[in-house]
Amino acid sequence: MSHLRNTIITLSLILSLGKSYGTPVFFKNHNAVIGEKDKFNLFLKTEIYERYSINVTNYNILEFSMVGTYNPNNYVEVGFKIPYLKILQANDNGIIGDILLYSKFLIVEEIFSFFDSFLLQDSIILNISLSTGVKKEDSYRNINFEKGLYFPLSSGYTDIEFGNALSLIGSFFALSLYSSFVSVSSKTEPPLAFNTENDNFNIGTTFELFILYSKSLTIKLFIESTAYLPISNKSKYINLWFNGIGAWTKLFERIILSFGYYKNFLDPTDFEKYYSSTISCYLGIRF
């Protein structure tokens with residue numbers, strides 16, 4: 001009876017963690033977790049991107065964004081992101097970036113035991129980046145005697161991403177793997193065009209360690225790695241392999257706090273498509 005009770009408690013914990021929130025994503029590194037049914041979550045997110053000009057002078061882009069997610073049932077999650085971008089060193093009022101629409105569809109959910117009890121989830125990801133931001137030719141800003149630019153954070157064209165996320169959730173840790181293909185449009189190429197020279201693949205992994213779990217306080221630490229694999233030297237992102245660490249906290253089932261730092265491990269070959277590091281933090285409220 002004691003063994004059965006412990007098993008039931010463990011499975012309940014894993015299912016609760018499975019319905020918990022995943023770690024924040026950077027450069028579209030997703031997990032397969034679907035949140036609780038009929039829950040709306042609103043996040044205020046801040047990111048600082050460190051970039052370099054052609055003369056290797058660093059500058060920073062501050063991004064404020066409003067992110068919302070909603071789960072109509074236990075198998076579907078939809079959401080949006082509305083970003084505002086500002087080059088800190090430029091005399092500029094900032095811009096509205098490309099609005100993102102997210103969707104996630106759970107296709108596999110299994111519970112099994114090995115040395116622990118685990119929840120395995122697999123989800124299909126479909127994301128659309130709308131053409132609400134400024135185009136590359138309009139995104140240059142003066143920084144003293146040099147130029148900074150918002151591209152590719154803002155591209156002004158529609159992109160479509162197809163991906164798959166796989167998450168393994170245990171009593172003390174979770175591991176997520178993600179891969180996707182991004183169809184990037186441009187002035188001469190509509191979305192899903194046969195020409196793929198602007199497109200890229202994404203691969204990523206996230207490891208979460210559960211430090212504390214309760215209804216009043218949940219704490220997770222995470223390590224995350226995301227790589228962009230360009231199809232050609234004309235791809236939207238080149239030489240990006242970000243590795244980061246951070247912490248995620250949930251208070252009283254309603255308030256979410258997160259902080260992460262990411263560093264690019266590759267050297268630049270095209271400064272106009274390159275980021276060296278970023279700091280990401282957000283505050284979320286669950287309704």
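If you read the sequence from its start, that first residue is 1, and numbering goes on from there.
Looking only at distances, no side-chain donor or acceptor of Ser53 sits under 3.5 Å from a matching main-chain atom of Lys147. Within the 3.5 Å criterion, the main-chain N or O of Glu50 finds a donor-acceptor partner in the side chain of Ser276. Judged by distance alone, with hydrogens and angles left aside, the side-chain atoms of Arg141 form no donor-acceptor pair with the main-chain N or O of Leu149 at under 3.5 Å. Checked by atom type and distance alone, the side chain of Ser117 never pairs as donor or acceptor with a backbone atom of Ser113 at under 3.5 Å. A donor-acceptor contact shorter than 3.5 Å links the side chain of Asn73 to the backbone of Tyr75. Of the possible polar contacts, none joining the Ser131 side chain to the Tyr157 backbone as a donor-acceptor pair under 3.5 Å is found. With hydrogens and angles ignored, the 3.5 Å screen pairs no side-chain donor or acceptor of Ser183 with any backbone N or O of Ile160. For Asn264 (side chain) and Asp267 (main-chain N/O), no donor-acceptor pair under 3.5 Å exists by modelled atom type. For Lys273 (side chain) and Ser235 (main-chain N/O), a donor-acceptor pair under 3.5 Å exists by modelled atom type. With hydrogens and angles disregarded, no donor-acceptor distance shorter than 3.5 Å links the side chain of Thr206 to the backbone of Glu224.
In this structure, Phe105 has no ring-ring contact (aromatic ring centres under 6.0 Å, His included) partners at least two apart in sequence or on a different chain. Every residue meeting the salt bridge (Lys or Arg N to Asp or Glu O under 4.0 Å) condition with Glu137, not counting sequence neighbours, appears here in chain and number order: Lys187. With sequence neighbours excluded, the residues satisfying salt bridge (Lys or Arg N to Asp or Glu O under 4.0 Å) with Lys136 are Glu272. For Asp270, the salt bridge (Lys or Arg N to Asp or Glu O under 4.0 Å) criterion is met by no residue, not counting sequence neighbours. Checked against salt bridge (Lys or Arg N to Asp or Glu O under 4.0 Å), Lys234 has the following partners two or more places apart in sequence or in another chain: Glu197. Checked against ring-ring contact (aromatic ring centres under 6.0 Å, His included), Phe265 has the following partners two or more places apart in sequence or in another chain: Trp241.
Residues Phe210 and Phe172 keep their aromatic ring centres 6.0 Å or farther apart. Side-chain rings of Tyr84 and Phe64 stay apart, their centers remaining 6.0 Å or farther from each other.
If you check the side chains of Asn58 and Asn60, you find no donor sitting under 3.5 Å from an acceptor. Side chains of Asn164 and Ser179: a donor-acceptor N/O pair is absent below 3.5 angstrom, by distance only.
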Begin from the C-alpha positions of Ile169 and Gln121 and carry the test side-chain contact (heavy atoms from CB on, under 4.5 Å) through to its verdict.
-> CA-CA 8 Å; Ile169 304 166; Gln121 292 184 317; 4.1 Å; yes

In sequence, state the C-alpha distance, the side-chain angles, and the governing distance for Leu42 and Val67, and then conclude on side-chain contact (heavy atoms from CB on, under 4.5 Å).
-> CA-CA 6 Å; Leu42 185 64; Val67 181; over 6 Å; no

Apply side-chain contact (heavy atoms from CB on, under 4.5 Å) to Asn200 and Val184, showing your working.
-> CA-CA 8 Å; Asn200 60 268; Val184 177; 4.1 Å; yes

Using the side-chain contact (heavy atoms from CB on, under 4.5 Å) rule, take Tyr282 and Ile256 through it: C-alpha gap first, then chi angles, then the decisive distance, then the call.
-> CA-CA 8 Å; Tyr282 70 75; Ile256 310 297; 3.7 Å; yes

Applying salt bridge (Lys or Arg N to Asp or Glu O under 4.0 Å), run through Lys220 and Glu208 and close with a yes or a no.
-> CA-CA 6 Å; Lys220 298 190 292 185; Glu208 303 172 80; 2.8 Å; yes

Check the pair Asn243 / Lys263 against side chain to side chain donor-acceptor pair (under 3.5 Å), numbers first and verdict last.
-> CA-CA 6 Å; Asn243 294 271; Lys263 179 68 178 178; over 6 Å; no

Decide yes or no on side chain to side chain donor-acceptor pair (under 3.5 Å) for Thr69 and Asn41, but give the supporting numbers first.
-> CA-CA 5 Å; Thr69 62; Asn41 311 298; 3.0 Å; yes

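Using a 30° and 60° split on the angle between ring planes, Tyr228 and Tyr237 fall in the perpendicular class, above 60°. Ring geometry, Tyr275 versus Tyr49: the interplanar angle falls from 30° to 60°, so the pair is classed tilted.
Grouping the Ile, Leu, Val, Met, Phe, Trp and Tyr side chains by contacts below 4.5 angstrom, directly or via other members, places Met66 with Ile99. One hydrophobic cluster, built from ILVMFWY side chains closer than 4.5 Å, cannot hold both Ile223 and Leu166; they sit in different ones. Following chains of ILVMFWY side-chain contacts shorter than 4.5 Å, one can reach Phe242 starting from Leu153, so the two form part of one hydrophobic cluster. Cluster membership for Leu177 and Leu119, using ILVMFWY side-chain heavy atoms within less than 4.5 angstrom, is not shared. Hydrophobic clustering of Ile, Leu, Val, Met, Phe, Trp and Tyr side chains at less than 4.5 Å, counting indirect connections, unites Leu212 with Ile255.
Atom CZ of Phe207 and atom CZ of Phe173 lie 6.0 Å apart (nearest 0.5 Å). Rounding to the nearest 0.5 Å gives a distance of 10.5 Å between CZ of Phe162 and OG of Ser180. Interatomic distance, Lys86 NZ to Ile48 CD1, rounded to the nearest 0.5 Å: 12.5 Å. With rounding to the nearest 0.5 Å, the separation of OG1 in Thr226 from CG in Asn202 is 8.0 Å. Note that OG of Ser123 and OH of Tyr178 are 10.5 Å apart. Values are rounded to the nearest 0.5 Å. The distance from the CG atom of Leu101 to the CG atom of Asn127 is 8.5 Å, given to the nearest 0.5 Å.
Smallest separation of non-hydrogen atoms from Val33 and Glu77: O-OE1, 4.3 Å. When all heavy atoms of Ser186 and Asn198 are compared, the closest pair comes out as OG-ND2, 3.5 Å. Residue Phe181 comes nearest to Phe201 through the heavy atom pair CD1-CE2, 3.6 Å, listed as atom of the first residue, atom of the second, then distance. Considering every non-hydrogen atom in both Leu106 and Asp122, the closest pair reads CD1-O, 3.4 Å. Considering all non-hydrogen atoms of both residues, Asn31 and Ser176 come closest at CB-OG, 3.3 Å. Phe118 and Gly170 make their closest contact through CD2-CA, 3.6 Å (heavy atoms, listed as atom of the first residue, atom of the second, distance).
The residue from Glu63, Arg51, Glu47 that alone fulfils the side chain to side chain contact (heavy atoms under 4.5 Å, CB included) condition with Thr278 is Glu47. Of the residues Asp98, Asp92, Asp138, the one that meets the side-chain hydrogen bond (donor to acceptor under 3.5 Å, both in side chains) test with Tyr150 is Asp92.
A cation-pi arrangement is absent between Lys39 and Tyr70 under the rule of less than 6.0 angstrom and at most 45 degrees off the ring axis.
The number of heavy-atom neighbours closer than 6.0 Å to CD1 of Ile245, taken from other residues, nucleotides and ligands shown, is 12 or below. Other residues, nucleotides and ligands place no more than 12 heavy atoms under 6.0 Å from the CG atom of Asn91.
You'll find the side chain of Ser154 reaches within 4.5 Å of the side chain of Ile95, heavy atoms only.
Salt bridge present: Asp159 and Lys236 bring a charged side-chain N and a carboxylate O closer than 4.0 Å.
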